[in-house]
Amino acid sequence: MIILGTSSPRRIELFSHFKLPFQILAPQIDEKVDETLYKTPEAVVIKIAKDKLQKICDNTINREDIDVIITADTIVWMDGRIFGKPRDSSNAKEILRELSGKWHKVFTGVCVKIDNEEFSFYEETSVKFRELEDEEIDFYVSTGEPLDKAGAYGIQELGGVLVERIEGDYTNVVGLPLPKLWKLLFDRGVIKRYATRKWSEGEAIK
Ligand SMILES: Cc1cn([C@H]2C[C@H](O)[C@@H](COP(=O)(O)OP(=O)(O)OP(=O)(O)O)O2)c(=O)[nH]c1=O
């Protein structure tokens with residue numbers, strides 16, 4: 001069975017586009033890394049994705065029915081600084097004021113375990129925000145949408161109206177870089193292993 005190790009509704013929705021049967025387990029970890037050891041944004045997201053994978057492995061140690069586990073972590077990065085999920089509303093406003101009118105990068109690290117072999121990779125996407133008025137930022141934060149999202153916005157929701165340009169993989173910004181993940185799963189035979197007759201008949205797997 002495939003386990004998607006996440007509590008993110010966005011990752012669950014994105015992964016379901018692959019039309020593979022999967023189950024969800026949420027990894028509860030402390031998402032802190034020692035920034036003196038993990039100096040680049042890609043090193044940080046891969047490290048956290050690995051910690052999430054390890055947590056799922058520890059929690060499923062006797063489950064022989066699991067052969068694939070997938071975890072991911074997303075951060076926003078600008079001028080050498082990492083923006084994760086905001087602490088609270090006022091922190092969300094600070095982050096959005098910083099991102100206003102500028103380009104930033106979104107990094108997602110992905111960790112995949114296939115039959116006891118571990119793979120990890122990252123994707124990066126550049127996003128430019130238009131100039132945002134304080135009043136608009138206050139309104140956006142009052143919707144509550146930014147609070148559970150890296151960089152305090154959701155490009156796939158109302159936060160999309162803050163974005164002027166994007167360069168690169170959109171799904172990576174939402175939290176799971178589907179093209180690179182698909183390629184890995186395809187090359188390693190996972191897609192064909194799980195694609196059922198139902199799928200080839202065009203019926204989506206629930
Ligand atoms: C930038 C951006 C982030 N996000 C989300 C994706 C992630 O859910 C979240 C980053 O937090 P993460 O810590 O990567 O993930 P999570 O805690 O939500 O889920 P889990 O650890 O259980 O897998 O920010 C968006 O939904 N839209 C966006 O535009």
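Here the structure is a predicted model, which means the values were calculated and not measured. Start at 1 and go down the list; that is how both ligands and their atoms are numbered.
Side-chain atoms of N172 and T108 include a donor-acceptor pair closer than 3.5 Å.
E31 places a side-chain heavy atom less than 4.5 Å from the side chain of K52. Looking at heavy atoms from C-beta onward, I114 lies in side-chain contact with R193 at the 4.5 angstrom threshold.
Proximity of the aromatic rings of Y194 and F18 is defined here by a centroid distance below 6.0 angstrom, and this criterion is not met.
Applying the under-4.5 Å side-chain rule to Ile, Leu, Val, Met, Phe, Trp and Tyr, the cluster around I48 extends to I29, V33, L37, Y38, V44, V45, I46, I75, W77, I82, F107, Y122.
Note on V174 and V163: same hydrophobic cluster, where clusters join Ile, Leu, Val, Met, Phe, Trp and Tyr whose side-chain heavy atoms are under 4.5 Å apart, directly or indirectly.
If you look at ligand 1, the protein residues with a non-hydrogen atom under 4.0 Å away are T6, S7, S8, R10, R11, P27, E31, K52, D73, T74, K85, D148, K149, A150, Y153, G154, I155, Q156, V173, V174.
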